[in-house]
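Below, each value reflects all heavy atoms present in this structure, side chains not excepted, and no hydrogens, waters or symmetry copies.
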Amino acid sequence: MYNSVEFGSGGGFTGMEKTYGFTEDGEIYSTEGFHESKSQEKIGTLNKNDIKSINKELKKVKVESLKYNKPGNLFHFVEIEKDGKTYRYVWGSGSKDAPSEIKELYSYLMQQISSYTKKE
């Protein structure tokens with residue numbers, strides 16, 4: 001089981017990041033800003049079925065053996081905290097060699113929170 005998951009995008013001229021995350025108890029938060037000065041806001045809570053579904057998707061990714069850190073000017077990322085360790089994967093927006101399981105996980109996570117982000 002994961003402890004927390006963060007994912008989002010950023011970069012460009014300003015270096016601004018937009019991050020979403022889940023805690024293991026289902027709290028969803030949104031963070032926006034620069035690396036050192038981000039503001040965090042709770043935007044909802046996942047139900048138990050969504051938490052189970054996310055855990056199932058996370059298990060498909062072998063975080064311990066997968067490494068990928070090739071940010072571009074504009075980038076996407078997924079950061080998974082599991083068993084006290086943090087695994088971070090970063091890829092440029094146009095990257096074709098980023099691991100498909102990470103890109104698919106990112107798309108899945110964005111889909112899971114889409115109903116919460118429409119309120120922002």
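- When atom types are taken as modelled, the side chain of K103 and the backbone of S95 share a donor-acceptor pair closer than 3.5 angstrom.
- If you chain together hydrophobic residues whose side chains sit under 4.5 Å apart, Y108 and L66 fall into the same group.
- Checked against a 6.0 Å centroid threshold, the rings of Y106 and Y20 do not count as neighbours.
- In this structure, Y89 contributes its side chain and I80 its backbone to no donor-acceptor pair below 3.5 Å.
- Salt-bridge formation is detected for the pair E64/K82: a Lys NZ or Arg NE/NH1/NH2 atom is positioned less than 4.0 Å from an Asp or Glu carboxylate oxygen.
- You'll find the side chain of F7 reaches within 4.5 Å of the side chain of I113, heavy atoms only.
- In this structure, the side chains of E79 and T86 come closer than 4.5 Å at one or more pairs of heavy atoms.
- With no hydrogens or angles considered, no side-chain donor-acceptor pair links T23 and Y29 at under 3.5 Å.
- When all heavy atoms of V90 and P71 are compared, the closest pair comes out as CG1-CB, 3.5 Å.
- Summarising the geometry, atom CG belonging to L105 is positioned 12.0 Å from atom CE belonging to M110; distances are rounded to the nearest 0.5 Å.
- The backbone N or O of Q111 lies less than 3.5 Å from a partner atom in the side chain of S114, making a donor-acceptor pair.
- One finds the CD1 atom of I28 at 4.0 Å from the CG atom of L46 (value rounded to the nearest 0.5 Å).
- Taking 4.5 Å as the limit, every side-chain heavy atom of E101 sits out of range of all side-chain heavy atoms of K62.
- Contact between Q40 and T31 at its shortest, heavy atoms only, is CG-OG1, 3.6 Å.
- Inter-residue side-chain proximity for I102 and Y68 is flagged as unmet; no heavy-atom pair is nearer than 4.5 Å.
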- Message: Would R88 and N69 count as a side chain to side chain contact (heavy atoms under 4.5 Å, CB included) here? Give the steps.
- Response: CA-CA 8 Å; R88 184 173 170 95; N69 185 19; over 6 Å; no
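- Atom CG of N55 is separated from atom CD of E24 by 9.0 Å, given to the nearest 0.5 angstrom.
- Within the 4.5 Å cutoff, the side chain of Y116 has no heavy atoms near those of the K42 side chain.
- Contact check for K18 versus S30: side-chain heavy atoms found under the 4.5 Å cut-off.
- The closest side-chain heavy-atom distance from T19 to F77 is below 4.5 Å.
- The structure places OG1 of T45 at 11.0 Å from CG of D50, a figure rounded to the nearest 0.5 Å.
- The backbone N or O of D83 sits less than 3.5 Å from a side-chain atom of N3, completing a donor-acceptor pair.
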- Any chance you could lay out the side chain to side chain contact (heavy atoms under 4.5 Å, CB included) test for D97 and K70, step after step, and finish with the verdict? CA-CA 10 Å; D97 67 338; K70 295 183 182 178; 3.2 Å; yes
